[in-house]
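Read the structure below first, then the notes.
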Amino acid sequence: MVHYERYVQLKKGVVAAVVYEEDVNGNNKLLGSHNTLGLLCGGSAAGGYYNYQYYFNLSIKRTRPKLLYLLLLTLLSCTLIVAPQFCFLPSTFPLLYSTGAEDKGLISDANASLCSSVSNGTICCERNSVRTDVCIMKGDVRTQPSSFSVLLYTPSNSTNDYISRVSDLSVDGKDELQHEKIKPYTRKWESSTMATIDELHLISKTQNYGVRHQCDVKHDVPAVFFSTGGYTGNVYHEFNDGLLPLFITSQQFNRKVVFVIVEYHDWWITKYADILSLLSDYPPIDYSGDKTVHCFPEAIVGLRIHDELTVNSSLMEGNVSVRDFRNILDQAYRPRILDIIQEEEREAELLKDNFPALQKLRNPPITKKGKNRHVVVKPKLVIMSRNGSRSIMNEDLLVKMAEQIGFFVEVLRPNPTTELAKIYRSLNSSDVMIGVHGAAMTHFLFMRPGSVFIQVVPLGTNWAAETYYGEPAKKLGLRYIGYEIIPEESSLYEDYAADDPVLSDPDSVNNKGWEYTKKIYLDRQKVQLDLGRFGKRLARAYSYFSGGKKRKHIRRSMQ
C-alpha cells in the first residue's frame with residue numbers, strides 16, 4: 001500500500017494536511033486531516049482537531065504584509081487566545097502526493113520528551129506527536145500476550161500519582177491503577193493503517209493481585225516494544241518507519257536492550273538481522289508467538305521518529321546523527337561483503353587459470369600516468385534501474401554518455417530478493433548514484449557522505465522527491481542534484497497536448513486527488529532523458545571528483 005499527503009502552509013506556524021491511502025486493490029480513501037493551529041484552539045495533538053470545511057486558492061502568491069494586514073493579524077491572534085471557540089480550521093485540501101511528511105515545527109514539539117524522568121512503578125505516555133505515541137513503564141514489567149497486555153506491578157503500599165488518570169478499566173478493573181492503550185507504530189495519523197496495527201494494553205496493578213503471574217524469563221535489561229506491521233514490505237517504510245525510529249529509540253541503551261516485536265515476521269528478522277545485532281545484544285521476541293511471561297525492569301512501548309529518513313541530533317543524547325546510523329549499516333554489512341569478495345577472488349582465480357582473457361573484465365578499468373606510475377580510478381557511477389513506470393527509456397544511451405564523460409558505470413537492478421549487502425557494497429563504493437524518484441531512492445543511505453546523488457524527478461513529483469529523498473540526502477552529507485524533467489522528457493508528452501494541464505500545470509492535476517496523481521504521474525509515466533541537458537549535471541559531478549585532473553587511486557571501503 002502507498003499513501004499520500006498534502007501539507008499546506010496557511011501562514012507561518014500554521015500547517016494543515018490531508019492524508020489519502022491507496023490500498024492493494026487500488027482504491028483510495030480519505031484518512032483524515034490535521035493541523036497545528038488546532039493546538040491554539042483547544043484541539044488535541046493526538047487527533048482532536050476541528051473539522052470545518054475551508055477551501056482556498058493555492059495559486060495565491062505571498063505578498064509583503066501591509067500595516068493593516070499586520071493589525072488584523074494581531075487582532076485575530078488575540079481573538080484566538082480569548083475566544084478559541086470561534087476558531088475554524090481547514091480539513092479538506094487539494095492533494096499533492098507524498099509518503100507522510102510532518103511540518104518541522106511539529107517535529108521538534110512532537111519529540112520533546114515529556115517522560116524524561118519516570119518514577120518506579122508508574123506509566124508515562126507521550127502523545128503530543130502527530131506521528132507516534134510512546135509510553136514508558138518502570139518497575140516490575142511483565143508480558144501477557146494472551147490479552148495483548150503489558151502489566152506493571154507496584155508494591156501494595158505505594159502511592160501512585162497516576163490513579164486519577166485511569167481512563168479505562170478491564171473486567172477486573174478494580175485492581176487497576178492505570179490503563180493506557182497504544183498501537184506501537186509510527187504512522188499514527190493514518191487511521192486506516194493504524195486500524196491494522198495490534199493494540200497493546202498497558203496496565204499497572206498492585207502487587208497483591210499479581211501473585212498468580214510468574215516470570216518465565218527474567219531480563220535485567222529494558223525492552224522496546226514495536227510493530228512490524230503496516231507498510232512493512234516497502235524498503236522506504238522499512239527504514240523510515242521502522243529501522244531509523246528503532247535506532248533513535250534504542251540508541252541510549254548501548255545494545256543492552258531486548259526488542260519485543262508485535263506482528264513478528266521471520267522474513268523481516270532475516271533481512272535485517274545484521275542491523276538488529278548491532279542495536280541489541282539479545283534475540284528479538286515474538287510478542288504474540290512467545291507465550292512465556294517475560295519480565296523487564298523497564299519498557300518503552302512505541303518508537304520515536306524525527307523526520308523523513310534522518311536523525312535529529314539535537315534530540316539525541318551525545319548528538320548522535322544519521323551518520324551514526326549509517327556507520328551501523330557499514331558495520332552490519334562489512335562481514336558479509338568481505339565474504340562476497342573472497343568468493344569473487346576464488347572465482348577470479350578459476351577464470352585466470354582457465355580463461356585469462358576474461359579476468360580483466362572483472363575489475364574497473366584503471367589508468368597509469370607519469371614516471372611514478374600513480375594508479376588512478378575512474379569515478380564510479382551507479383544507475384538504479386527501474387522496470388515499467390518511471391523507467392529511463394534511453395538508459396543504454398545514458399550509460400554510454402557517462403562512460404564517455406569518464407565514469408566507470410554500473411547498472412544496478414535490485415529486486416525484492418536482492419541481498420542488501422550486495423546493494424550496500426555497490427553504493428558504498430560509488431561516487432555518484434542516479435535514480436528516478438521512487439522507494440528505491442531510500443538506498444541513498446548506503447552512500448558515503450560527500451558522494452553525489454542525482455534524483456531524476458518526473459512531472460508531478462517535485463515536492464515529494466525533494467521532501468522524502470532530496471532533503472534527507474543533504475542531511476546525510478551527500479551532494480544532492482534534483483533533475484526536474486521538462487514535459488518533452490516525459491512519455492506523457494506523446495499522450496497530451498502541450499498546453500494540457502497534465503504537462504503545463506501538474507500541481508493543478510495533483511490537486512484533484514490522489515487517484516489522478518497515481519494514474520497519470522506514477523503509473524503511466526516514463527522518462528526519456530534529454531542527454532544534452534542531463535549531461536551537464538553529469539559533467540559537473542565528474543569535475544567534482546576529478547577536479548580537472550585524474551585523481552590518485554583511493555581505496556574505497558569494501559569495494
Side-chain angles (χ1 to χ4, degrees), residues 2 4 96-98 236 379-415 426-427 430-444 452-470 473 479-510 515-542:
V2 182
Y4 296 89
L96 177 61
Y97 94 98
S98 80
Y236 165 82
K380 178 181 175 182
L381 182 149
V382 173
I383 298 175
M384 294 289 288
S385 183
R386 289 181 64 100
N387 294 320
S389 65
R390 284 167 285 154
S391 60
I392 299 176
M393 299 169 67
N394 54 346
E395 186 178 273
D396 291 344
L397 294 177
L398 171 62
V399 171
K400 292 179 180 179
M401 181 183 70
E403 290 175 340
Q404 290 173 354
I405 290 174
F407 287 103
F408 167 69
V409 181
E410 176 185 349
V411 179
L412 193 60
R413 297 184 174 89
N415 59 60
S426 293
L427 293 176
S430 70
D431 299 298
V432 180
M433 179 179 84
I434 295 174
V436 181
H437 171 65
M441 295 301 93
T442 304
H443 294 114
F444 78 77
V452 175
F453 169 33
I454 303 177
Q455 181 177 204
V456 177
V457 183
L459 296 180
T461 67
N462 298 37
W463 181 84
E466 178 71 15
T467 301
Y468 300 108
Y469 304 110
R479 290 178 174 262
Y480 172 70
I481 299 174
Y483 179 81
E484 299 180 5
I485 71 169
I486 58 178
E488 289 80 1
E489 294 176 276
S490 172
S491 61
L492 299 175
Y493 193 73
E494 302 296 326
D495 301 328
Y496 296 90
D499 60 351
D500 191 288
V502 168
L503 301 177
S504 62
D505 189 11
D507 282 351
S508 68
V509 177
N510 285 324
E515 64 275 11
Y516 289 90
T517 299
K518 180 181 185 300
K519 179 180 178 180
I520 297 174
Y521 295 120
L522 300 182
D523 292 347
R524 289 176 48 193
Q525 185 173 198
K526 296 183 179 181
V527 175
Q528 181 83 17
L529 289 175
D530 180 337
L531 295 181
R533 181 169 173 258
F534 189 79
K536 295 178 181 178
R537 273 71 170 182
L538 275 188
R540 188 170 71 186
Y542 179 81

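Quick note: numbers below take in every heavy atom, side chains included, and nothing from hydrogens, waters or symmetry partners.
- One N or O on the side chain of Asn394 and one on the backbone of Leu529 form a donor-acceptor pair closer than 3.5 Å.
- Two residues are said to be in side-chain contact when any heavy atoms from C-beta on lie closer than 4.5 Å; Arg540 and Ile481 meet this criterion.
- Side chains of Glu466 and Tyr480 form a contact here, defined as non-hydrogen atoms less than 4.5 Å apart.
- Here CD1 of Ile434 is found 5.0 Å from CG of Leu398. Values are rounded to the nearest 0.5 Å.
- With contacts defined as side-chain heavy-atom distances shorter than 4.5 Å, the pair Pro458/Val436 qualifies.
- Asp431 CG to Phe407 CZ: the interatomic distance, rounded to the nearest 0.5 Å, is 7.5 Å.
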request  = For Leu522 and Thr461, run side chain to side chain contact (heavy atoms under 4.5 Å, CB included): C-alpha distance rounded to whole Å, both residues' side-chain angles, the deciding distance at 0.1 Å, then the answer.
outcome  = CA-CA 8 Å; Leu522 300 182; Thr461 67; 4.1 Å; yes

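- Going from atom CG of Asn415 over to atom CG of Asn387 covers 10.0 Å, rounded to the nearest 0.5 Å.
- Side-chain contact between Tyr469 and Phe453 is present, with at least one heavy-atom pair separated by less than 4.5 Å.
- Rounding to the nearest 0.5 Å places OG of Ser426 at 11.5 Å from CE of Met433.
- The closest donor-acceptor contact from the side chain of Gln525 to the backbone of Leu459 lies under 3.5 Å.
- Residue Glu395 forms a salt bridge (charged side-chain N to carboxylate O under 4.0 Å, His left out) with just one option from Arg386, Lys400, Lys526, Arg413, and that option is Arg413.
- In summary, the side chains of Thr517 and Asn510 do present a donor paired with an acceptor at a separation below 3.5 Å, with no hydrogens or angles considered.
- Within the 4.5 Å cutoff, no side-chain heavy atoms of Asp530 are placed close to those of Glu488.
- Looking only at side-chain heavy atoms (C-beta outward), Leu412 and His443 stay at 4.5 Å or farther from each other.
- The two residues Ser504 and Ala498 make their nearest non-hydrogen contact at CB-O, 4.1 Å.
- Contact detail for Ser430 and Val382: the closest heavy-atom pair is CB-CG2, 3.6 Å.
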task = Check the pair Ile486 / Arg533 against side chain to side chain contact (heavy atoms under 4.5 Å, CB included), numbers first and verdict last.
result = CA-CA 10 Å; Ile486 58 178; Arg533 181 169 173 258; 3.8 Å; yes

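- The backbone N or O of Gly388 sits less than 3.5 Å from a side-chain atom of Ser391, completing a donor-acceptor pair.
- Across all their heavy atoms, Gly406 and Pro379 have their closest contact at O-CD, 3.8 Å.
- Gln528 contributes no side-chain N or O that, together with a main-chain N or O of Met393, makes up a donor-acceptor pair within less than 3.5 Å.
- Two residues are said to be in side-chain contact when any heavy atoms from C-beta on lie closer than 4.5 Å; Phe534 and Met401 meet this criterion.
- Shortest non-hydrogen contact noted between Leu503 and Ala497 is CD1-O, 3.4 Å.
- Side-chain contact between Ile520 and Tyr496 is present, with heavy atoms from C-beta onward closer than 4.5 Å.
- Considering Ile454, Leu531, Val452 as possible partners of Leu538, the one that fulfils the side chain to side chain contact (heavy atoms under 4.5 Å, CB included) test is Ile454.
- Judged by distance alone, the side chain of Tyr521 and the main-chain N or O of Tyr516 form no donor-acceptor pair under 3.5 Å.
- To the nearest 0.5 Å, the span separating CD1 on Ile485 from CG on Asn462 amounts to 9.0 Å.
- Side-chain N or O atoms of Glu494 include none that pairs as donor or acceptor with a backbone N or O of Ser491 at under 3.5 Å.
- Distance CG/Asp523 to CD/Glu515: 12.5 Å, rounded to 0.5 Å.
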